[in-house]
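Worksheet: the structure to be examined is printed underneath.
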Amino acid sequence: MTAVLATGALAALAGSVAPARAPEETERAPAGFVALREVAPGIEQDIRYAGDHNFVGERIDGYEEPECLLAEESARALTRVERDLARDGLGLRVFDCYRPQRAVDHFLRWAEDPGATEEREEFYPRVPKDRLFDEGYLAERSGHSRGGTVDLTLVDDEGRAVDMGTGFDFFDPASHPGSPEPDAEQRRARERLRSAMAARGFTPIDTEWWHFTHDEEPFPDRHFDFPVERAALRGE
Ligand SMILES: C[C@@H](N)C(=O)N[C@H](C)C(=O)O
Ligand SMILES: [Zn+2]
């Protein structure tokens, strides 16, 4: 567990900045958070941690509803990405948006349990689960808890996921955006997603092709813990 807990520096490299303040233990979102569905109803949502199709294999703490909640500025920036891609007949599907600290804590508890490996084959066949934090696939203080980070992929004009070479949350070197393992078409698809996101101010990380943080996120020094549910969006 020491290995899991002593990950501040690597987590920072992975895109999660050490918090200036402790996570805020409120049940309500601050003013300025929105449901993406209200801002961009055309963006598909498959919120994996609200169900059991994820690397833990069960619903994650804090995901009371399968909703993408984001800081409003970040949600609006995502609508610009959506608009740009639509010109090429492409769309977006989000897998995770705002993530409460209690969900991150659930990931930490799972990582500490060597017996819980039911989802290994689908999600982390080559990387031991006690290395997932150290290697930058998970973070103790995640950018997702600030409301300006999103996990997503491209869909085609019939709503089919574009082949990126690996699936969402496949924790493996093959999911590094620059990995040579995917074929040329898959690498082009990753680059299409990366360039579309970068054009509207979203920065990727080195370990996961699906993970991007909004450069202009409005809460860069805060980490929240309110649950993922529409009722939380009633302001501070
Ligand atoms: C767990 C995965 N979807 C992810 O978002 N990983 C990064 C490193 C994070 O937890 O912030
Ligand atoms: Zn992510």
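Indexing begins at 1, ligand by ligand and atom by atom, following the structure's order. In this chain, numbering begins with 1 at the start of the sequence shown.
- The distance from ligand 1 to the heavy atoms of H211 drops below 4.0 Å at these ligand atoms: 4 (C), 5 (O), 7 (C), 9 (C), 11 (O).
- Within the structure, the closest approach of W210 to ligand 1 falls below 4.0 Å when heavy atoms are considered.
- In this structure, F171 and W210 have tilted ring planes: the angle between them lies in the 30° to 60° band.
- Between V94 and C68, the closest heavy-atom pair is CG2-CB, 4.0 Å.
- Using the six-membered ring where Trp is involved, Y49 and F168 have ring planes that are tilted, between 30° and 60° apart.
- In the hydrophobic clustering, where aliphatic and aromatic side chains (Ile, Leu, Val, Met, Phe, Trp, Tyr) are joined below 4.5 Å either directly or transitively, V39 groups with V34.
- Separation of the W209 and Y137 ring centroids does not fall under the 6.0 Å cut-off.
- Between F33 and F219, the ring planes lie parallel to each other; the angle is under 30°, not in the 30° to 60° tilted range.
- Contacts of D169 classified as salt bridge (charged side-chain N to carboxylate O under 4.0 Å, His left out), with partners at least two apart in sequence or in another chain: none.
- The existence of a salt bridge linking R230 and E65 is excluded, since no basic side-chain nitrogen approaches an acidic carboxylate oxygen closer than 4.0 Å.
- Those atoms of ligand 1 that come under 4.0 Å of a heavy atom in Y137, given as number and element, are 1 (C), 2 (C), 4 (C), 6 (N), 7 (C), 8 (C).
- The atoms of ligand 1 that sit less than 4.0 Å from any heavy atom of D169 are 1 (C), 2 (C), 3 (N).
- Of all protein N, O or S atoms, those under 2.8 Å from the Zn ion (ligand 2) number 4.
- With sequence neighbours left out, the salt bridge (charged side-chain N to carboxylate O under 4.0 Å, His left out) criterion links E158 to R160.
- Those atoms of ligand 1 with a heavy atom of G136 less than 4.0 angstrom away are 8 (C).
- A salt bridge does not link E73 to R76: none of the charged side-chain nitrogens sits closer than 4.0 Å to a carboxylate oxygen.
- R126 and E181 are joined by a salt bridge, as a carboxylate oxygen and a charged side-chain nitrogen come within less than 4.0 angstrom of each other.
- Contacts between F123 and ligand 1 below 4.0 angstrom, taking non-hydrogen atoms only, are absent altogether.
- Of the heavy atoms in V104, none comes closer than 4.0 Å to ligand 1.
- Atoms of ligand 1 lying under 4.0 Å from any heavy atom of H144, numbered from 1 in the order shown and given with element: 5 (O), 11 (O).
- For the pair D151 and ligand 1, a heavy-atom separation below 4.0 Å is found.
- Ligand 1 lies less than 4.0 angstrom from a heavy atom belonging to Y49.
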